[in-house]
Amino acid sequence: MFENYSEIFTKRGAAYHHAMAKYPEARSHEFKTVISYAKLFDGSTVADMPSGGGYCSAYLPQNVHLIAIDESQAFLEQGNESSHGKKLCAKLNDTGLEDSS
């Protein structure tokens, strides 16, 4: 069927984005809960991976930076444009970010 994550979400990205656009609050509890456990401060950077369309960006404080990382460029392009972050298409086990960052 599908070989890997990237192939799955390249195929499913448009449908997932449509669902998130139609029901934007569907995952709000999930995003709010995860972010509530993070010890974020002014200038913090959050790496969201796999980020899909970067939907958690809407739940981050304005002064927190986001790196939305996904293996599917098509899925990254479907999602939210974050005013406080960037998008990175990379293998999840080889992002190019520094170890322990």
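The shown structure was predicted, so the numbers you read here are calculated from the model rather than taken from an experiment. Computation of the quantities below employed the complete heavy-atom set of this structure, encompassing side-chain atoms and omitting hydrogens, waters and symmetry-equivalent molecules.
- Within the model, atoms NE2 of His29 and OH of Tyr59 stand 11.5 Å from one another, a figure rounded to the nearest 0.5 Å.
- By the 4.5 Å heavy-atom criterion applied to side chains, Lys91 and Thr95 are not counted as neighbours.
- From Leu92, atom CG reaches atom CG of Asp70 across 6.5 Å, with rounding to the nearest 0.5 Å.
- In this structure, CD on Glu71 lies 7.0 Å from CG on Asn93, to the nearest 0.5 angstrom.
- Leu97 and Met49 end up in the same hydrophobic cluster when Ile, Leu, Val, Met, Phe, Trp and Tyr side chains are linked at under 4.5 Å.
- A side-chain contact (heavy atoms from CB on, under 4.5 Å) with Ser51 is found for exactly one of Leu76, Val46, Leu66, Ile67, namely Leu76.
- Met20 pairs by the side chain to side chain contact (heavy atoms under 4.5 Å, CB included) definition with Tyr16, Arg27, Phe31, Tyr55, not counting sequence neighbours.
- The OG atom of Ser57 sits 14.0 Å away from atom NE2 of His65, with the distance rounded to the nearest 0.5 Å.
- Checked against side chain to side chain contact (heavy atoms under 4.5 Å, CB included), Ser36 has no partners two or more places apart in sequence or in another chain.
- For the pair Ile69 and Asp48, the minimum side-chain heavy-atom distance is 4.5 Å or more.
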